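As structure tokens, the structure follows; a few thoughts come after it.
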Amino acid sequence: MKWIQIACVVLLGGCSSLETGSSAPGTAYAWAFLKTGPAELDDAAMAEAMQGHFANMGRLAEEGLLIVAGPLPAPRVDPLDRGIFLLDVADLERARELCGTDPAVAA
């Protein structure tokens, strides 16, 4: 069974403060696209990765860092696309770091 790798982060965007010209917390977001990766996992490893994936999403949501997450249903423009994260971060490296906390990425 193939698993997911994170292609993080494709887009950063948001609103800048008109008064300061800088982005305030909660005004810039990072989209991360989850894609099918090359790893082959057996059923037990897949179940463990999925359990960790959902636990990690819950933790990120509780911390206010994960705004939206969800699968991309078929038909897809790119058949490797699996899902998305919308992260409340303005920094590309921070977004990559958060994606790296997902056990599916480690798998």
Side-chain angles (χ1 to χ4, degrees):
M1 218 175 232
K2 290 196 179 225
W3 185 231
I4 298 171
Q5 66 184 359
I6 304 294
C8 191
V9 169
V10 177
L11 299 173
L12 285 174
C15 302
S16 295
S17 167
L18 295 176
E19 294 177 21
T20 65
S22 64
S23 293
T27 61
Y29 303 95
W31 285 99
F33 290 82
L34 288 67
K35 295 187 169 277
T36 301
E40 296 284 337
L41 301 178
D42 62 27
D43 289 343
M46 176 66 86
E48 183 178 343
M50 286 299 291
Q51 183 178 18
H53 173 67
F54 285 105
N56 189 62
M57 286 190 299
R59 178 187 62 80
L60 292 173
E62 286 178 17
E63 293 175 11
L65 297 168
L66 182 64
I67 305 304
V68 173
L72 296 172
R76 303 174 188 105
V77 172
D78 181 343
L80 297 180
D81 287 344
R82 296 291 298 267
I84 59 167
F85 285 169
L86 176 60
L87 300 164
D88 189 2
V89 296
D91 178 76
L92 180 62
E93 290 308 314
R94 178 68 174 137
R96 285 189 175 126
E97 178 185 310
L98 292 175
C99 289
T101 66
D102 195 302
V105 174

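Just so you know, these numbers come straight off a predicted model, no measurement behind them.
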(request) Please answer: with hydrophobic residues joined when any side-chain heavy atoms are less than 4.5 Å apart, are Leu34 and Leu80 in the same cluster? (result) no

(message) Nearest 0.5 angstrom please: Leu66 CG to Phe85 CZ, how far?
(response) 6.0 Å

(request) Could you grab the distance from atom OG1 of Thr36 to atom CG of Asp78, nearest 0.5 Å is fine? (result) 8.5 Å

(request) Mind checking the OH-CG spacing from Tyr29 to Leu65? Nearest 0.5 Å is all I need. (result) 12.0 Å

(request) List the atom of Ala107, the atom of Ala39, and the distance in Å for their closest heavy-atom pair. (result) O-CB, 3.8 Å

(request) Indicate yes or no: at least one non-hydrogen side-chain atom of Leu98 is less than 4.5 angstrom from one of Leu60. (result) yes

(request) Would you indicate whether the side-chain heavy atoms of Cys99 and Leu87 approach each other to under 4.5 Å? (result) yes

(message) With rounding to the nearest 0.5 angstrom, report the NE2 to CE distance, His53 to Met57.
(response) 3.5 Å

(message) Please give me the minimum heavy-atom distance between Asp88 and Ala28, naming the atom from each residue.
(response) OD1-O, 3.6 Å

(message) Are the side chains of Glu48 and Asp42 in contact, using a 4.5 Å heavy-atom criterion?
(response) no

(request) Would you confirm whether Arg96, through its side chain, and Leu92, through its main-chain N or O, come within 3.5 Å as a donor-acceptor pair? (result) no

(message) Does this structure show an ion pair linking Arg94 with Glu97, if we count only N-O contacts that are shorter than 4.0 Å?
(response) yes

(request) Please report the closest heavy-atom contact between Pro79 and Val77, naming both atoms and the distance. (result) CD-O, 3.8 Å

(request) Could you grab the distance from atom CD of Glu40 to atom CE of Met46, nearest 0.5 Å is fine? (result) 9.0 Å

(message) Is the shortest side-chain heavy-atom distance between Thr101 and Arg59 below 4.5 Å?
(response) yes

(request) Kindly indicate, with the supporting measurements, whether the criterion salt bridge (Lys or Arg N to Asp or Glu O under 4.0 Å) is fulfilled by Lys35 and Asp81. (result) CA-CA 4 Å; Lys35 295 187 169 277; Asp81 287 344; 2.5 Å; yes

(message) Do Leu86 and Phe33 sit in one hydrophobic cluster, given that two such residues count as connected whenever their side-chain heavy atoms are within less than 4.5 Å of each other, even indirectly?
(response) yes

